[in-house]
2 protein chains.
Amino acid sequence: MQVIRTLIVDDHAIVRTGVKMLLGKKEHIEVVGEAADGQEAIEKALSLQPDLIIMDLSMPPGKNGLEATRELKKSLPETHVLILTMHDDENDLFRVVQAGASGYILKNAIDSELFSAVDAVLRGQVYLYPSAAKSLVEDFLEGVKRGEDLSKYKLLSNREEEVLVFIAKGYSNKEIAEILHISVKTVETHKSKIMDKLDLQKKHELVAYAIKKGLLSLE
Amino acid sequence: MQVIRTLIVDDHAIVRTGVKMLLGKKEHIEVVGEAADGQEAIEKALSLQPDLIIMDLSMPPGKNGLEATRELKKSLPETHVLILTMHDDENDLFRVVQAGASGYILKNAIDSELFSAVDAVLRGQVYLYPSAAKSLVEDFLEGVKRGEDLSKYKLLSNREEEVLVFIAKGYSNKEIAEILHISVKTVETHKSKIMDKLDLQKKHELVAYAIKKGLLSLE
DNA sequence: AAAAAATATCAGGAATTCCCCTGATATTTC
DNA sequence: GAAATATCAGGGGAATTCCTGATATTTTTT
């Protein structure tokens, strides 16, 4: 059997080693490299040309797992990407699949599930843990039924996401206005559009959203 | 050599397995149990009576690693606790040491450091990674110099920490008041005392503090 | 045990800020 | 050329912030 050359991307060394050792149990898998952030992941992937990349979704500094995946799939469409994530979030699922990843598995998963996921991904299948698959199918069916209500999954604009992060971090409108060199009124507009687009009512829901998305990284 | 019976506490299964496999390399270490949160950690520790507990500092649901450590050291003072944490924070260091843990190591650490830490802790020493030890010594010396300025490291009261979490999560004063069944005025008082005690000026600093402390967990 | 400090609760008032509504314009993107 | 984006504004009511000040309970220190 062909040896699967694998790259592991996670910002925590011990987590990387853990995954590496887990995968090391399988003789047909060889870990050829590690990366600690999205940028490094892209560089290493280009030089190492791995068959499989296991990537953490939320990596604070700079490029996160999703952006890295999107970029990687452009240059290396044949490389399979398996996303490892902290939390089960339906919205992530869509983004991850759209970004071209072949699988989505929780860090909370049991070890055997990781192996199943790797196997499935290498066979060219898409692996999603059962409940994720269920919600994907449900949403797809719903979308078809009532004529493409995909608006919910539309992304925020760059500016809006930028503002969202500041809001979630607890910056006041005034502070954000100063930082971005725009008026408070503009900040308010962005905020209200964000709330609209994400269908949120309360600020704490917005914060929860940002946390889930891994936007509240620590610098 | 005596076999060291070890309990691993982390809310992510894959991280637990990773640490378990890392430790499994050493013949004198036996992982006798795992726990996913502070409460479970306490229960398992009491029934398993391990020699060493490797504990994640930030665990969302209910009891976090710090509280669990504090409680554990009461009932099992002989058990060594090695804290595994995401981020390097000087304040955590003090709390961790005060809570009775024997070591503090970053998840970002290299594997050999984990082994050094385990060895040191088992010999009854306190293990801190180099920069942590440095800041601890520096602060100690500073404290001695200008007559005990330990007030900065005083803990918030339970109620204050409770309120802090809600604030950081983006709840409004009114919402917090309703949730805790107290008046808005009381919430304001707590908030201002928190800002005073932590010497913070802006709300986003408070949020950053909460993030660092791992108080903004996702449910 | 008595005194002191910390904790948890609440209030009034004034200035500031936020929230929500409508509405506008220039640029970019599709 | 229509849609999305990014910018700004006015106005009014709600909420927050910042100040002082109060009281009862608990904890700690002397």
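Naming convention: chains lettered A, B, ... in sequence-line order (proteins, then strands); numbering from 1 in each chain.
Shown here are the side chain to side chain donor-acceptor pair (under 3.5 Å) partners of Glu188(B), two or more places apart in sequence or in another chain: there are none. Scored by the ring-ring contact (aromatic ring centres under 6.0 Å, His included) test, Tyr171(B) finds His204(A), Phe166(B) as partners (sequence neighbours excluded). Under the rule for a side chain to side chain contact (heavy atoms under 4.5 Å, CB included), the partners of Leu46(A) that lie at least two apart in sequence or sit in another chain are Ile42(A), Ser75(A), Leu76(A). With sequence neighbours excluded, the residues that form a side chain to side chain donor-acceptor pair (under 3.5 Å) with Lys191(A) are Asn173(A). With sequence neighbours excluded, the residues forming a salt bridge (Lys or Arg N to Asp or Glu O under 4.0 Å) with Glu40(A) are Lys44(A), listed by chain and number. Applying the side chain to side chain donor-acceptor pair (under 3.5 Å) rule to Gln49(A) yields no partners; only residues at least two apart in sequence or on another chain are considered. The side chain to side chain contact (heavy atoms under 4.5 Å, CB included) search around Glu205(A) returns Leu200(A), Gln201(A), Lys202(A), not counting sequence neighbours.
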Can you check nucleotides 23-28 of chain D for protein contacts, nitrogen or oxygen pairs under 3.5 Å, and list what you find?
none

N/O to N/O distances under 3.5 Å, protein versus nucleotides 12-19 of chain D:
{"residue": "dA15(D)", "atom": "OP1", "partner": "Lys174(B)", "partner atom": "NZ", "Å": "3.0"}
{"residue": "dT16(D)", "atom": "OP1", "partner": "Asn173(B)", "partner atom": "N", "Å": "2.8"}
{"residue": "dT17(D)", "atom": "OP2", "partner": "Lys191(B)", "partner atom": "NZ", "Å": "2.3"}
{"residue": "dC18(D)", "atom": "N4", "partner": "Glu188(B)", "partner atom": "OE1", "Å": "3.2"}

Between Leu164(B) and Leu206(B), is a side-chain contact (heavy atoms from CB on, under 4.5 Å) present by the stated rule, with each step listed? CA-CA 8 Å; Leu164(B) 161 63; Leu206(B) 186 150; 3.1 Å; yes

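Dashed line: the shortest gap from a side-chain N or O of Thr189(B) to OP1 or OP2 of dT9(C) is not under 4.0 Å. Here His190(A) does not reach the OP1 or OP2 of dA6(D): none of its side-chain N or O atoms lies under 4.0 Å away. Arg159(A) has no side-chain polar atom (N or O) that falls below the 4.0 Å cut-off from OP1 or OP2 of dA4(D).
Here the C1' atom of nucleotide dA5(C) and the NZ atom of Lys197(B) are 11 Å apart, to the nearest Å. Atom CD1 in Ile194(A) sits about 15 Å away from atom C1' in dC20(C), given to the nearest Å. The distance between atom CG of Leu164(B) and atom P of dA8(C), rounded to the nearest whole Å, is 13 Å. What separates CD1 of Ile176(A) from P of dT7(D) is a distance of 13 Å, to the nearest Å. Separating the NZ atom of Lys193(A) from the P atom of dC21(C) is a distance of 14 Å, rounded to the nearest angstrom. Atom CD in Glu161(A) sits about 18 Å away from atom P in dA4(D), given to the nearest Å.
A salt bridge links Glu160(B) to Lys197(B): at least one charged side-chain nitrogen sits closer than 4.0 Å to a carboxylate oxygen. Salt bridge annotation for Lys107(B)-Asp56(B): present, with a cationic side-chain nitrogen under 4.0 angstrom from a carboxylate oxygen.
Across the helix from dA1(C)-dT30(D) to dC30(C)-dG1(D), the helix axis at one end is tilted relative to the axis at the other end by 70° (nearest 10 degrees, each axis from five pairs).
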Identify each donor-acceptor pair in which a side-chain atom of residues 176-185 of chain A lies under 3.5 Å from a protein atom, sequence neighbours left out, and give them as a table.
{"residue": "Ser183(A)", "atom": "OG", "partner": "Lys185(A)", "partner atom": "N", "Å": "3.2"}
{"residue": "Ser183(A)", "atom": "OG", "partner": "Thr186(A)", "partner atom": "N", "Å": "3.2"}
{"residue": "Ser183(A)", "atom": "OG", "partner": "Thr186(A)", "partner atom": "OG1", "Å": "3.2"}

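Contact annotation for Ser183(B): backbone-only contact, meaning every heavy-atom pair under 4.0 Å involves sugar-phosphate atoms and none involves a base.
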